[in-house]
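All ligand and atom numbering here is 1-based and tracks the order in the structure. Heavy-atom basis, side chains included; hydrogens, waters and symmetry copies ignored. Here, residue 1 is the first one in the sequence, and each next residue gets the next number. From a predicted model like this one, the values you see are computed outputs, not experimental measurements.
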Amino acid sequence: MVQTPAKLPNSATVREVGPRDGLQNEEPVAVADRVRLVDALSRTGLRRIEVGAFVHPDAIPPMAGSEEVFARIERVPGVRYTALVPNARGVERAFAAGADEVEVVVSASTTHNERNVRRTTEESMKAVPALVTMAHDAAIPVQGIVATAFGCPYEGDVDPIRVAALVHAYLDAGCDSVCLGDTTGMATPTRVWDVIGRLPACDLTLHLHNTRGTGLANVLAALEAGVTNYDASVGGMGGCPYAPGATGNIVTEDLVHMLEDMGVDTGVDLGALVACAAMAEEIVGRELPSQVLRAGPRTAATAAAR
Ligand code: COA
Ligand code: ZN
């Protein structure tokens, strides 16, 4: 007998992370290009855009100049413009630049955390409550991201119990939401269920990479588990410079195309998004892994053949 599929959520929120997670892994591009990409994305119906990172410019050269990007974008009402920060200096810079929300990132695996921010996971987590206080004093919400939540390129499997403990620590520190990062695409659907099933009720985002082709399968698993917030990168730009073998995030237009067809409302105009993916390819100067950009939406070929 065919099993009744799980009821899917009626809607989902997609956060566009290409201008940060995507571009941080490319050769640095001009501030003007970063600005026009964010501005085009702002007009697609996306409600959250990760504009940049306030990290050390020597650590991630493509993110130098994030202040200028924030200063020059044309803000569309209703869109939340967010920034990734590694420490207190990052929170200060994000505040000065007018970010609407900051994301603090700590890796579940200590080796990855040390490569990324030169601290152990425990050292980084100890600093989180003070960062939350700083951000809240400036009326900025904070998201706590657990990177390498489904596996680490240096250490291999990561214990889901450790991931759940870090989520608890973020919430205890006062974070407004949490995000699980599959930094190098090591999740599969059953691992997604295994980790999510251990978490307390909270505002949760999944940040998936499609390194091993499991990205959208993981989204379906998470939808069935009730998760309604997903990160994705236009065109599929992305990776992590401190993670060998990392490739792009799941592709925003592929995700929106699938969700909309499944009756999960995203509020995003797919045609406008595909145009942004073409712009992203032009900006980075290489072919990106997007599939909907190449093939068009599922009925496009039919229309063309008519
Ligand atoms: N932005 C700009 N400069 C910063 C900074 C920030 N967020 N944080 C620290 N600095 C500066 C300090 O002011 C100090 O400058 P000085 O030498 O002129 O006094 C210098 O960097 C060293 O400070 P320290 O606190 O010792 O930092 P560090 O050298 O241990 O580097 C990080 C730590 C977190 C700043 C750095 O590793 C980093 O930016 N990593 C980001 C990694 C990343 O973004 N990965 C991808 C996303 S997951
Ligand atoms: Zn990522």
Side-chain angles (χ1 to χ4, degrees), residues 14-26 28 50-70 82-97 99 102-121 123-128 130-131 134-135 143-154 179-187 205-212 214-215 218 229-252 255 289:
V14 177
R15 175 170 59 190
E16 172 58 49
V17 299
R20 197 280 302 173
D21 205 3
L23 289 181
Q24 80 170 20
N25 206 37
E26 305 286 341
E50 192 182 34
V51 172
F54 294 105
V55 297
H56 197 293
D58 292 346
I60 311 284
M63 289 295 105
S66 289
E67 275 91 353
E68 212 186 328
V69 178
F70 266 95
T82 76
L84 183 125
V85 297
N87 55 16
R89 176 90 190 90
V91 176
E92 283 166 7
R93 289 175 60 200
F95 176 55
V102 293
E103 299 133 23
V104 173
V105 59
V106 179
S107 305
S109 121
T110 263
T111 313
H112 186 267
N113 204 65
E114 283 167 349
R115 304 261 173 146
N116 203 27
V117 292
R118 315 201 325 159
R119 310 272 183 282
T120 65
T121 301
E123 285 166 347
S124 283
M125 285 309 295
K126 262 199 210 124
V128 171
L131 300 184
M134 269 179 81
Q143 177 170 85
I145 303 178
V146 183
T148 64
F150 299 93
C152 165
Y154 306 108
C179 173
L180 298 183
D182 185 19
T183 312
T184 57
M186 292 172 73
T205 295
L206 264 197
H207 175 101
L208 299 164
H209 281 253
N210 200 32
T211 321
R212 295 175 177 81
T214 54
N218 292 336
N229 298 303
Y230 297 91
D231 282 355
S233 167
V234 67
M237 301 187 292
C240 172
Y242 295 100
T247 57
N249 302 84
I250 57 171
V251 178
T252 316
L255 173 66

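Ranked by closest heavy atom to atom 43 (C) of ligand 1, the top entry among N87, N116, I145, D58 is N116. Closest heavy-atom approach to atom 44 (O) of ligand 1 within the set N113, V55, V91: this belongs to V55. The residue from R119, E92, R93 that puts a heavy atom closest to atom 1 (N) of ligand 1 is R93. Across Q24, H56, R115, heavy-atom proximity to atom 36 (C) of ligand 1 is greatest for H56.
At a 3.5 angstrom cut-off on N or O pairs, R20 does not count as close to ligand 1. Geometrically, ligand 1 and F54 share a nitrogen or oxygen pair separated by less than 3.5 Å.
Taking a 4.0 Å cut-off on heavy atoms, M63 fails to register as neighbouring ligand 1. Residue contact annotation: H112 has no non-hydrogen atom under 4.0 Å from ligand 1.
When heavy-atom distances to ligand 1 are checked against a 4.0 Å cut-off, R118 comes that close only through its side chain, counted from C-beta outward.
Between the side chain of R212 and the backbone N or O of T184, at least one donor-acceptor pair lies under 3.5 Å. With hydrogens and angles disregarded, a donor-acceptor distance shorter than 3.5 Å links the side chain of R93 to the backbone of V55. Side chain of H56 to backbone of D58: a donor-acceptor contact under 3.5 angstrom is found. Remark: side-chain polar atoms of H207 are not paired, donor with acceptor, to backbone N or O of L180 under 3.5 angstrom.
In this structure N229 satisfies the side-chain hydrogen bond (donor to acceptor under 3.5 Å, both in side chains) test together with D203, sequence neighbours excluded.
Proximity to G90 (heavy-atom distance under 4.0 Å) selects the following atoms of ligand 1: 7 (N). Each of the following atoms of ligand 1 lies closer than 4.0 Å to a heavy atom of I60: 43 (C), 44 (O), 45 (N), 46 (C). Near A59, with a cut-off below 4.0 Å to any heavy atom, the atoms of ligand 1 are 38 (C), 39 (O), 40 (N). Contact atoms of ligand 1 toward V117: 33 (C), 34 (C), 37 (O) (distance under 4.0 Å to a heavy atom of the residue).
Residues R15 and E50 approach most closely at CG-N, 4.5 Å, considering heavy atoms.
Between S107 and T148, some side-chain heavy-atom pair lies under the 4.5 Å cut-off. Residues D231 and T205 meet the side-chain proximity criterion, which asks for heavy atoms closer than 4.5 Å.
Between K126 and E123 no salt bridge is recorded (no basic side-chain N to carboxylate O distance below 4.0 Å).
Rounded to 10 degrees, the NE2-metal-OD2 angle spanning H207 and D21 at the Zn ion (ligand 2) equals 90°.
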